[in-house]
There are 2 protein chains.
Amino acid sequence: MKEKIYLFGVDIGGTSIKIGLFKNDGQLVEKWEIPTNKINNGNEILKDIAKELKSKMVEKDLTTEDMIGVGVGVPGPVDENGVVHCCVNLGWGVFSIADFLSKLMNMPVKAGNDANVAALGEMWRGRGKGYSSLVLITLGTGIGSGVIVDGKIVTGDNGSGGEIGHITINLNEKESCNCGKQGCVEQYASATGMVKMAKKILEKEGANSSLIAKKNLTAKIIIEEAKKGDAAACEVVELMGKTLGIALGYVACIVNPQIFLIGGGVSKAGDIVLEVIEKYYRMYAFHATKNTPIKLATLGNDAGIYGAARQLL
Amino acid sequence: MKEKIYLFGVDIGGTSIKIGLFKNDGQLVEKWEIPTNKINNGNEILKDIAKELKSKMVEKDLTTEDMIGVGVGVPGPVDENGVVHCCVNLGWGVFSIADFLSKLMNMPVKAGNDANVAALGEMWRGRGKGYSSLVLITLGTGIGSGVIVDGKIVTGDNGSGGEIGHITINLNEKESCNCGKQGCVEQYASATGMVKMAKKILEKEGANSSLIAKKNLTAKIIIEEAKKGDAAACEVVELMGKTLGIALGYVACIVNPQIFLIGGGVSKAGDIVLEVIEKYYRMYAFHATKNTPIKLATLGNDAGIYGAARQLL
């Protein structure tokens, strides 16, 4: 019997699906994308994926004998058994993605939340290599996060492990987060949150801010202006860093990881983001956890396909 | 060869050492206590324990052939390898308690932090039976806590997993916690913290409080008076509940356990404590985790010996 060494990693997003063909040593053989077809309540998505994977197997002269299986990352809660619990973004209700795709592909399938599997990806082949416990925070439109303990994703009882973006950090907040609660980390530290905060600050006290002249304010612009010393922009960046620094302190008191990784679009700004998070983390963390390293993630958008595949190993 | 079915669970405290002889099905054969002899920087403690265990083995006609080993709970940080990282309370520095005691006893030894192993105890034979992920909060002089994921203690990188009492809950606090930080959960929700808060409230606005007449104010008295409707006492209990409710919400966003358990002296007051924690938890928790049950722990002071033993299985 042939040794199975190939596996697919699939990262399903709202507009595109990223796919990677890997070897079990972590080598990426090929990666590509297909569009996410959301018609029929997302009923076509897994069929599209199966068709795509099968055609790649033909192209590469691979049979099911060569394949370990397919790992999938989903933008919603997924439990330990590979059951998706609603994924509004894709039109999905509750069903076993693992069973469904496994039947189509005739090979093992594992599924997890996209932010959780991204953490696993960073552990496998990114900045988290060599660690067995880490927490990845992905700063994008929203905030994703994944908690790894003993080399395994902490999925949680109903897939809400690593929902660090929804920690209630500000009890006095009046505005609501997308989740319906008030005062979530995401409201201050995601790209969207940073833009909202900037607008608030500009209304109150930003008459002289360089941000005023910007037409489409983005987190990227805010960080650039903060680097140049604009006071309002700096205030937004400080609030982002303080919010995350405090929240990472909470995480450290609960799972005490070996390392924190910061990824996602906002993290592309680099050191300025790390430094401000670190400043507040060191200030508010429990003494025994004060020196936990905080580093930039390195796999970027590929963390999802790496981690999706890694679930099978 | 005989089947090994017996094991010891040892819970080392600052004044006494609790010992239990168990069968591997969780049956407690016998439990007793010896005093903690802290002379010589705590050098006698493990020798005393070994002597005690050996004499119990003779009494029960047990040999090392019958014994699975010894599990120990320590009031300080212990890493995955059974190395204690300072235990001020006992006079201990850094050393491998597992190696040391294993040599004395000639059988396997596992060691963990006392609050962490208590959580394991509740999972084995207490209110956490049947669950594989849970968080136990022990409300006593301080606040201990243990996080269990996938049936295993989350020890953390340097033994600070489950230090929920040291989450910075109040950024504006001026007074320091024992840990040196300001605004820790423990400062508002431990028995000591509740008494401090009561004194603060009495100074400011407690002229008519029934607490004024109490000579030695304790958390127990405060809760009793709160039950009778005393406003100052109620304020302290609300603050305790709010602090813990919010903190458990953080925990849920990070590890999303199947159940929360509340133990320790303060929890003996029963439903009033649970209800006030629950009220605030349901208010501030992320929607997907809002219904996580919060229950009273059931093993009381024995959770430590049960959990200490359970480490070996």
Side-chain angles (χ1 to χ4, degrees), chain A residues 76-77 79-80 85-86 131-135 145 147 149-150 152-171 177 179-185 242 245-247 249-259 280 283-293, chain B residues 76-77 79-80 85-86 131-135 145 147 149-150 152-171 177 179-185 242 245-247 249-259 280 283-293:
Chain A
D79 71 21
E80 297 274 2
H85 292 266
C86 293
Y131 295 95
S132 61
S133 83
L134 64 85
V135 174
S145 74
V147 177
V149 169
D150 267 349
K152 283 178 60 187
I153 292 170
V154 177
T155 307
D157 183 35
N158 42 32
S160 297
E163 284 290 351
I164 294 165
H166 296 292
I167 281 178
T168 307
I169 202 91
N170 179 0
L171 301 183
C177 177
C179 79
K181 213 157 49 75
Q182 291 81 40
C184 292
V185 165
K242 185 172 180 180
I246 293 170
Y250 297 162
V251 176
C253 277
I254 297 166
V255 295
N256 182 204
Q258 294 169 311
I259 189 168
Y280 288 101
M283 200 178 292
Y284 292 113
F286 180 53
H287 62 81
T289 65
K290 258 194 181 11
N291 297 321
T292 307
Chain B
D79 70 23
E80 298 273 3
H85 292 265
C86 293
Y131 295 95
S132 61
S133 83
L134 64 85
V135 174
S145 74
V147 177
V149 169
D150 267 349
K152 283 179 59 187
I153 293 170
V154 178
T155 306
D157 183 35
N158 42 32
S160 297
E163 284 290 351
I164 294 165
H166 297 291
I167 281 178
T168 307
I169 203 90
N170 179 0
L171 301 184
C177 177
C179 79
K181 212 157 49 76
Q182 292 81 39
C184 292
V185 166
K242 185 173 180 180
I246 293 170
Y250 297 162
V251 176
C253 277
I254 298 166
V255 295
N256 182 203
Q258 295 169 312
I259 189 168
Y280 288 100
M283 200 178 292
Y284 292 111
F286 181 52
H287 62 80
T289 66
K290 259 195 180 11
N291 297 320
T292 307

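As the structure is a prediction and not an experimental result, all values here were calculated from the model. Throughout, a chain's letter reflects where its sequence line sits, starting with A, and its residues are numbered from 1.
In this structure, no portion of Ser132(A) lies under 4.5 Å from any heavy atom of chain B. For Val147(B), the part sitting under 4.5 Å from any heavy atom of chain A is the side chain, from C-beta outward, and nothing else. For chain B, the nearby part of Ala285(A) is the backbone; its heavy atoms alone come within less than 4.5 Å. With a 4.5 angstrom heavy-atom cutoff, Ile167(B) touches chain A via backbone and side-chain atoms both. For chain A, the nearby part of Glu80(B) is the side chain; its heavy atoms alone come within less than 4.5 Å. Using a 4.5 Å cut-off between heavy atoms, Val255(A) touches chain B through backbone and side chain atoms alike. Heavy atoms closer than 4.5 Å to chain A are found nowhere in Ala247(B), neither backbone nor side chain. Residue contact with chain A, scored on non-hydrogen atoms closer than 4.5 Å, involves the backbone of Thr155(B) exclusively.
Glu163(B) and Phe286(A) get closest at one heavy-atom pair: CG-CE2, 3.7 Å. Scanning all heavy atoms of the two residues, the minimum distance from Gly159(B) to Asn256(A) falls at N-OD1, 3.5 Å. Listed here is the closest heavy atom pair of Leu171(B) and Tyr284(A): CD2-CE2, 3.5 Å. Of all heavy-atom pairs spanning Ala288(A) and Asn158(B), the tightest one is O-ND2, 2.8 Å. Between Cys253(A) and His166(B) the shortest heavy-atom distance is SG-O, 3.4 Å.
Of the residues considered (Val154(A), Thr292(A), Ile254(A)), Ile254(A) shows the highest number of contacts with chain B, using heavy-atom pairs under 4.5 Å. Comparing Ile259(B), Ile169(B), Asp150(B) by how many heavy-atom pairs each has under 4.5 Å with chain A, the most go to Asp150(B). Ranked by heavy-atom pairs under 4.5 Å with chain B, the list Gly161(A), Pro257(A), Gly249(A), Cys177(A) is led by Gly161(A). Comparing Gly183(A), Cys179(A), Gly180(A) by how many heavy-atom pairs each has under 4.5 Å with chain B, the most go to Cys179(A).
Checked against side-chain hydrogen bond (donor to acceptor under 3.5 Å, both in side chains), Tyr280(B) has the following partners two or more places apart in sequence or in another chain: Glu238(B). Partners of Pro77(B) according to the side-chain contact (heavy atoms from CB on, under 4.5 Å) rule, which considers only residues two or more places apart in sequence or in another chain, are His85(B).
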